[in-house]
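Report on one structure; see the data block that follows.
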Amino acid sequence: LRFLRSFFDRGAHLWIARLESDVVGVQWTIVGGFNGFYSMPISKNEIIVCAVEVFFAFRGRGIWPAMINLVNAYHKKQGFARSYVKVKLWNKASLRSIGKTNGRRIGTVRTFSMCSKDISLWDRTSLGESIEINARREL
């Protein structure tokens with residue numbers, strides 16, 4: 001209950017995925033990140049996706065990519081610009097799932113806390129490539 005309350009108190013939305021009558025997974029979204037931060041500054045018209053779980057018996061069926069694509073489509077209709085999800089490098093299944101979504105990788109980031117402050121280090125090469133790709137797309 002403490003976990004649920006902490007997310008709801010931050011204004012998070014809980015999304016529940018169902019296949020017929022079975023609940024098969026959940027994910028949370030938070031508008032504007034955690035006080036405007038999520039490994040980078042987040043604006044009030046951006047979303048972060050966090051605490052995603054597809055239940056074990058239903059993994060490998062493309063549930064999360066379908067879920068995130070539907071949630072992103074909903075947010076886009078509501079006027080939100082972007083959503084972000086951070087995936088641990090060791091989580092190969094989630095990294096494969098990202099390839100099945102309408103999203104793309106923007107870089108590699110390492111976030112840690114020091115003296116009660118969050119510090120994020122971006123991989124300059126991957127972030128630089130992303131900025132270059134975005135600049136070409138906007139032209």
Side-chain angles (χ1 to χ4, degrees):
L1 288 175
R2 189 178 312 177
F3 174 82
L4 293 173
R5 180 167 296 195
S6 73
F7 271 67
F8 282 129
D9 286 348
R10 293 177 176 154
H13 293 109
L14 175 61
W15 301 87
I16 299 172
R18 288 187 342 194
L19 282 177
E20 299 174 9
S21 62
D22 292 323
V23 174
V24 298
V26 297
Q27 77 174 11
W28 292 86
T29 58
I30 300 177
V31 174
F34 299 100
N35 296 319
F37 182 79
Y38 188 64
S39 299
M40 63 186 178
I42 300 292
S43 74
K44 292 182 187 216
N45 73 336
E46 295 176 323
I47 306 288
I48 61 163
V49 177
C50 52
V52 174
E53 178 74 23
V54 173
F55 303 133
F56 185 78
F58 301 99
R59 291 182 183 165
R61 299 186 193 183
I63 290 167
W64 184 74
M67 190 159 120
I68 190 65
N69 286 337
L70 289 170
V71 169
N72 283 342
Y74 170 83
H75 283 129
K76 186 174 182 177
K77 286 180 185 175
Q78 300 301 312
F80 291 99
R82 282 176 279 301
S83 70
Y84 298 95
V85 61
K86 187 165 40 172
V87 177
K88 304 269 187 196
L89 287 174
W90 56 261
N91 192 337
K92 302 302 182 198
S94 290
L95 290 171
R96 281 190 304 275
S97 290
I98 292 289
K100 300 173 186 175
T101 70
N102 56 7
R104 62 184 168 72
R105 180 180 178 189
I106 63 168
T108 302
V109 63
R110 288 163 185 80
T111 302
F112 58 95
S113 295
M114 181 182 285
C115 301
S116 301
K117 300 288 183 186
D118 291 321
I119 299 170
S120 294
L121 301 173
W122 281 88
D123 177 317
R124 187 172 134 190
T125 303
S126 64
L127 186 59
E129 290 170 1
S130 175
I131 291 169
E132 183 180 332
I133 290 168
N134 287 340
R136 280 189 265 145
R137 286 184 181 167
E138 291 177 11
L139 294 176

Minimal non-hydrogen separation, [X] against [Y], with atom names:
| X | Y | result |
| --- | --- | --- |
| Leu95 | Leu89 | CD1-O, 3.5 Å |
| Ser97 | Pro65 | O-CG, 3.6 Å |
| Glu46 | Tyr84 | OE2-OH, 3.2 Å |
| Ile42 | Gly33 | CG2-N, 3.7 Å |

When clusters are formed by joining ILVMFWY residues with side-chain heavy atoms under 4.5 Å apart, either directly or through shared neighbours, do [X] and [Y] land in the same one?
| X | Y | answer |
| --- | --- | --- |
| Val49 | Phe55 | yes |
| Leu14 | Ile47 | no |
| Ile63 | Ile98 | yes |
| Met67 | Leu70 | no |
| Val54 | Ile68 | yes |

Gap separating the NE2 atom of His75 from the CG atom of Asn45, nearest 0.5 angstrom:
11.5 Å
Got Leu121 and Phe112 here, is their nearest side-chain heavy-atom distance under 4.5 Å?
yes
Sequence neighbours excluded and cut-off under 3.5 Å, please list the side-chain donor-acceptor pairs for residues 3-11, or say none.
{"from": "Ser6", "atom 1": "OG", "to": "Phe3", "atom 2": "O", "distance (Å)": "2.8"}

Evaluate whether atom NZ of Lys86 has more than 12 neighbouring non-hydrogen atoms of other residues, nucleotides or ligands under 6.0 angstrom away.
yes
Please tabulate, one pair per line, all N/O donor-acceptor pairs under 3.5 Å involving side-chain atoms of residues 18-30, not counting sequence neighbours.
{"from": "Gln27", "atom 1": "OE1", "to": "Trp64", "atom 2": "NE1", "distance (Å)": "2.8"}
{"from": "Thr29", "atom 1": "OG1", "to": "Trp15", "atom 2": "NE1", "distance (Å)": "2.8"}

